[in-house]
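One structure is given below, encoded as structure tokens.
For ligands, and for the atoms within them, numbers begin at 1 and follow the listed sequence. In this text the structure is predicted, and so the values were computed from the model without any measurement.
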Amino acid sequence: MIPPTFDYLRPTTLDEALRMLPDAGEDAKVLAGGQSLMPLLRLRLAYPDALVDLDRVDELRAIRDDGDAIVIGATATHHQVMHDPLVREHAPLVARATATVADPAVRHRGTFGGSLAHADPAGDLPAVALALDAVMLARSASGGDREIPARDFFVDWMTTALEPDELLTGVRVPKLGAGWGFHYEKFHRTAQAWAIVGVACAVRRVQGAVEDVRIGLTNMGATPVRATAVEERLGGSTLSDGTLREASAYAGEGTEPPSDLHGSSEYRSHLVQVLTRRALNAASAR
Ligand SMILES: Cc1cc2nc3c(=O)[nH]c(=O)nc-3n(C[C@H](O)[C@H](O)[C@H](O)COP(=O)(O)OP(=O)(O)OC[C@H]3O[C@@H](n4cnc5c(N)ncnc54)[C@H](O)[C@@H]3O)c2cc1C
């Protein structure tokens with residue numbers, strides 16, 4: 001289908017983009033890689049008055065070292081993120097999960113920030129951001145800079161804490177230092193498809209015992225969720241087979257998985273237990 005008509009604005013600096021967004025009207029939308037927004041326009045599921053295209057705003061694309069964290073620019077593409085040396089060294093879970101997103105064509109256009117701002121519960125990266133306690137960096141012309149922890153960012157189904165005139169400029173991801181293992185376990189029916197369920201986990205052990213563990217779940221509710229019941233049960237344990245099995249049985253606690261043509265809610269509740277065990281096993285082997 002042909003999208004509805006809209007004004008098209010193409011800033012070349014962040015300041016210009018921030019000024020254009022409120023001026024373009026209440027229903028203006030930011031365009032990043034267009035991999036989610038353009039299909040919505042073509043299906044006429046979205047009717048923005050204007051699109052503010054970030055493609056020429058180079059300052060949003062960089063990935064940089066920020067002491068005990070790295071900052072991934074909002075418009076860094078999935079391809080860029082998964083090959084970036086800083087990401088691979090300090091946030092390998094991000095690199096691994098990003099490599100499972102769609103196919104090379106989508107990964108060359110789709111952006112890290114776009115995936116988080118779109119907040120699709122089936123998207124792989126929101127659960128990863130949540131598991132890693134990432135912090136969203138937002139900016140608007142009226143309010144200046146704002147930092148939003150991932151746990152407060154995903155508010156509801158495809159809804160974030162971003163204000164209409166706010167841009168996601170980057171994401172601060174704490175570095176995983178020595179002793180951390182990580183894994184992203186994604187279950188999909190065909191290669192390069194969306195997750196039916198996904199589990200992102202990072203585990204730090206000291207002398208064999210779990211010192212810290214974070215688990216984020218994909219497609220187990222309207223927003224990504226932390227498997228806190230599992231995390232609590234694993235603290236101090238040695239991740240033996242028995243403990244893993246026992247703790248993973250709580251992976252679905254507090255979740256509200258959807259039922260759709262790919263699987264029922266009950267199926268997802270079972271699947272998440274199996275995937276959590278697999279993810280923890282793989283993470284602890286790293
Ligand atoms: C065939 C196909 C398969 C896919 N498979 C997967 C998959 O397996 N896993 C997965 O995770 N994703 C998948 N995706 C989605 C892909 O990851 C997209 O890149 C992502 O969802 C959106 O990123 P984008 O840069 O294209 O954003 P856009 O489509 O440009 O924008 C999406 C939304 O985010 C907003 N937005 C974008 N950037 C910003 C910003 N900086 N500040 C504020 N708001 C912003 C836009 O206004 C819009 O509402 C798939 C997409 C396609 C087309």
Side-chain angles (χ1 to χ4, degrees), residues 3 6 8-9 11 14 17-18 20-22 24 27-43 45-57 59-62 71-82 94 96-130 136-141 145-146 148 153-154 157-171 184 186-198 200 216 218-219 224 262:
F6 51 81
Y8 176 68
L9 304 164
L14 177 55
L18 290 168
M20 279 178 173
L21 195 54
D27 291 327
K29 279 227 153 262
V30 172
L31 177 67
Q35 298 304 296
S36 296
L37 186 53
M38 293 316 290
L40 289 178
L41 297 187
R42 288 175 63 111
L43 292 168
L45 294 172
Y47 290 83
D49 294 333
L51 291 186
V52 178
D53 186 352
L54 299 181
D55 194 47
R56 296 203 173 176
V57 183
E59 61 207 281
L60 290 179
R61 218 180 292 282
V71 174
I72 303 178
T75 62
T77 63
H78 299 317
H79 178 83
Q80 184 187 345
V81 167
M82 64 189 261
V94 172
R96 184 175 177 92
T98 304
T100 74
V101 170
D103 51 55
V106 172
R107 292 199 295 267
H108 271 89
R109 289 297 311 164
T111 66
F112 190 65
S115 287
L116 299 175
H118 192 55
D120 189 326
D124 299 292
L125 305 177
V128 172
L130 191 66
M136 312 298 164
L137 309 177
R139 189 181 290 185
S140 68
D145 287 315
R146 192 159 73 102
I148 313 167
F153 185 74
F154 303 104
W157 191 77
M158 292 180 127
T159 308
T160 70
L162 285 175
E163 296 294 337
D165 66 339
E166 240 174 358
L167 277 177
L168 183 63
T169 58
V171 182
Y184 185 63
K186 174 171 176 173
F187 189 84
H188 42 181
R189 282 181 56 230
T190 55
Q192 304 183 336
W194 293 85
I196 296 176
V197 172
T218 298
N219 221 0
H262 300 299

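Any N or O atom pair closer than 3.5 Å counts here, and A195 shares no such pair with ligand 1. An N or O contact shorter than 3.5 Å is missing between V101 and ligand 1 by distance. Polar contact with ligand 1: present for K29 (N/O pair, distance under 3.5 Å). In terms of polar-atom proximity, defined here as any N/O pair under 3.5 Å, L125 makes no such contact with ligand 1. Any N or O atom pair closer than 3.5 Å counts here, and A122 shares no such pair with ligand 1. Checked by distance only, ligand 1 and Q35 come closer than 3.5 Å through their nitrogen or oxygen atoms. Considering backbone and side-chain N/O of E166, none are found under 3.5 Å from N/O of ligand 1. Inclusion of H78 in the set of residues having an N or O under 3.5 Å from an N or O of ligand 1 is warranted. Below 3.5 Å of separation, one finds no N or O of V106 facing any N or O of ligand 1. Considering backbone and side-chain N/O of L162, none are found under 3.5 Å from N/O of ligand 1.
Note: H118 NE2 to L125 CG = 12.0 Å, rounded to the nearest 0.5 Å. Remark: R189 CZ to I196 CD1 distance equals 6.5 Å, nearest 0.5 Å.
Remark: R109 engages no residue in a side chain to side chain donor-acceptor pair (under 3.5 Å) (not counting sequence neighbours). Taking R96 as the reference, H183 meet the side chain to side chain donor-acceptor pair (under 3.5 Å) condition, with sequence neighbours excluded.
Among protein heavy atoms, the minimum distance from atom 42 (N) of ligand 1 is reached at L168 N, 2.9 Å.
Near L167, the atoms of ligand 1 lying under 4.0 angstrom from a non-hydrogen atom of the residue are 42 (N). Near G110, the atoms of ligand 1 lying under 4.0 angstrom from a non-hydrogen atom of the residue are 19 (O), 25 (O), 26 (O).
The nearest pair of heavy atoms linking K186 to A195 is CE-N, 3.7 Å. The heavy-atom pair separating A102 from R107 by the smallest distance is O-NH1, 3.2 Å.
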